[in-house]
Number of protein chains: 2
Amino acid sequence: MSSTTSLLVRKLECFQPLSQEEKAMLEQCTRPLREVGARQDIIREGDTPDKVFLILAGFACRYKIIEGGRRQIMAYLVPGDFCDFQAFILNEMDHNIGTLSACQVVEIPRSVILAMTDRPAIARSLWWASLVDSATLREWLVNMGQRPAEQRIAHLLCELLVRLEAVGLVTDNTYMLPITQTDLGDTMGLTVVHANRMLASLRDEALIEVDVRKITIRDVRRLKAFSGFNANYLHLDNPARMTRRSDAWIPRGDLSKARTDNADPG
Amino acid sequence: MSSTTSLLVRKLECFQPLSQEEKAMLEQCTRPLREVGARQDIIREGDTPDKVFLILAGFACRYKIIEGGRRQIMAYLVPGDFCDFQAFILNEMDHNIGTLSACQVVEIPRSVILAMTDRPAIARSLWWASLVDSATLREWLVNMGQRPAEQRIAHLLCELLVRLEAVGLVTDNTYMLPITQTDLGDTMGLTVVHANRMLASLRDEALIEVDVRKITIRDVRRLKAFSGFNANYLHLDNPARMTRRSDAWIPRGDLSKARTDNADPG
DNA sequence: CGGGGATTTGATCCGTGTCAATTACAGTGG
DNA sequence: CCACTGTAATTGACACGGATCAAATCCCCG
């Protein structure tokens, strides 16, 4: 059973090593395991949960529904991710969390979290995780605002490759992506139809391979270059897991050259 | 001089009241005041700052430049906002922070921050602020992904109204917005040209008024309804500042009805 | 073998982007 | 006080990426 939780340990150790004792503490929270079917809400907007959920298996997401029924997925929660740390401070959920595929989750009571955060190393690691979540959100915003559909999807696939690699869920550049193309569309602000076409296009260009719900990146370097992917925002600082930067786009934070307009100067 | 920093106190008290002592502690950090001209970078991607910056006056933003020179602004930093708390944990900046208008900032050394976070009330308030930043980012993602240009801009103007109200920078539904339309476009993922047209359209519909760099919301209720704005994500929990919810769009976190597609079922 | 979602594909429409000028200003120097 | 300069705001004509609408398959599951 510890092989499931160790996802969490594995992820947090991307930031800094933990002692045996600390790892043991984290391993403990597999107790009240809960199976949740696909497309079920775990937490709803307006809720004031008194526990934290940890995903052990499957994909979940943060999402909002706006007037008109449109849905925006704002984050993917993959194995090893916490759901709603924020509920500790912000009393009311401002968005929903729902499963995309069937999931295994554990509910961790407030008291356990408080005990964990008494260990500075764990507390810092959890803080790191929440900051990485924010950084990811920012990158998604860049993705949505500035990249055309095909590169947007490519970028997401690169991100998932790196994130899932960090928790050991990638083999031969292949990982399970148990979501529908509708979900993908709602993630990228595209219609299913267009998401489908762009996916097909990536396939045609031999960049990826799509099996049933399995993605294979056929040319990592080219896909990263195509989508402008740079893993720095994931802050996988532990050298052991550091992705090589060689094939990443290197930004030049230079206002004077960028202020021309939103346009492509090419 | 305390009238400037009290912005910070005022903002943090949106979350919870602070003692005189705590307020005094926060007021202290006006010391090394720095004037920064418009469109200057305060922190660059790749930097590893050892201090935290607090905006006292003016507008700054988080932004990234991607391949091709396109810029995405990911957050506005208004008076009372901290710049880079994350640098305490994440060793390297993954984005830039630059001024939009001329700004007054203070640099707060690491030691002072550490001292502040020894006070639980302050620590929790700062944590609250960072969670609100994340929530805002999520709302921006929804905005970019799901709303057409005109509503997108309207939504931003509503948000700024509420945020600036919270720090006392709004009078008669009017506030200074010292940014160019190019900045606005880069914020919303639009070209200047289109941003300009949508702004003109909002003006024509008598929803807003645009002076030089001054925005007046002529009909708050209608602008909120038009843009689907709901202030809940800003978590202004302190009842004294609570915005009335009456005119806000109320979501229904209902997967079954939303899963139809990304399309508008109307 | 039948039913229902998920994936694909085609045809057409429209919101934004692109390109190109023109106008409105704020600051500067004569 | 006015011409000069550069940036920001506007406006028009036209092109294109994605959205829409509509139908087929495909495929998992009972």
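Any value given below was found using the heavy atoms of this structure, including those in side chains, with hydrogens, waters and symmetry copies removed. Note that the structure is predicted; figures quoted are calculated from it, not measured. A note on names: the letters A, B, ... follow the listed sequences, proteins ahead of strands, and every chain is numbered from 1.
Residues from residues 199-215 of chain B lying near DNA chain D, meaning a heavy-atom separation below 4.0 Å, are B:R203, B:R213 in numerical order.
Relative to the side chain of B:L190, the nucleotides C:dG17, C:dC19, D:dA9 differ in distance, and C:dG17 lies closest. The side chain of B:Q181 has D:dA9 as its nearest neighbour among D:dG18, D:dA9, C:dA20. Taking every side-chain heavy atom of A:H194 into account, D:dA19 is the closest of D:dA19, C:dT16, C:dA6. In this structure, the nucleotide among D:dG18, D:dT11, C:dG10 sitting nearest to the side chain of B:V193 is D:dT11.
Nucleotide C:dG5 holds its C1' atom 9 Å from the CZ atom of A:R39, rounded to whole Å. Between the CZ atom of B:R70 and the P atom of D:dG17 there is a distance of 12 Å, given to the nearest Å. Between the CE atom of B:M198 and the P atom of D:dT11 there is a distance of 12 Å, rounded to whole Å. Put simply, CG on B:L100 is 15 Å from C1' on D:dA8, counting in whole angstrom units. We find that CG of A:D186 is positioned 12 Å from P of C:dA6, with the value rounded to whole Å. Note: CD (B:E150) to P (C:dT16) measures 9 Å, nearest angstrom. Atom CD1 of B:I153 and atom C1' of C:dG15 are 13 Å apart (whole Å). Here D:dG18 presents its P atom at 11 Å from CE of A:M144, a figure rounded to the nearest Å.
Screening residues 152-161 of chain B for side-chain hydrogen bond (donor to acceptor under 3.5 Å, both in side chains), with sequence neighbours left out, gives B:E139-B:H155, B:W140-B:E159, B:R147-B:H155, B:E159-B:R163, B:E159-B:Y233.
Looking at heavy atoms from C-beta onward, B:Y63 lies in side-chain contact with B:D41 at the 4.5 angstrom threshold.
Each of B:I43, B:V36, B:V106 was evaluated against B:F53; a single residue qualifies, B:I43, per the side-chain contact (heavy atoms from CB on, under 4.5 Å) test. When each of A:D219, A:I208, A:V220, A:I215 is paired with A:N173, the side-chain contact (heavy atoms from CB on, under 4.5 Å) condition holds for A:V220 and for no other.
Distance alone, capped at 3.5 Å, places no donor-acceptor pair between the A:D172 side chain and the A:T174 backbone.
Regarding contacts with the backbone of C:dT7, every side-chain N or O of A:N196 stays at 4.0 angstrom or more from both OP1 and OP2.
The structure places CG of B:L77 at 7.5 Å from CG of B:D133, a figure rounded to the nearest 0.5 Å.
Judged by distance alone, with hydrogens and angles left aside, B:R197 brings a side-chain donor or acceptor within reach of the base of D:dG12, the pair sitting under 3.5 Å.
In this structure A:D211 satisfies the salt bridge (charged side-chain N to carboxylate O under 4.0 Å, His left out) test together with A:K214, sequence neighbours excluded.
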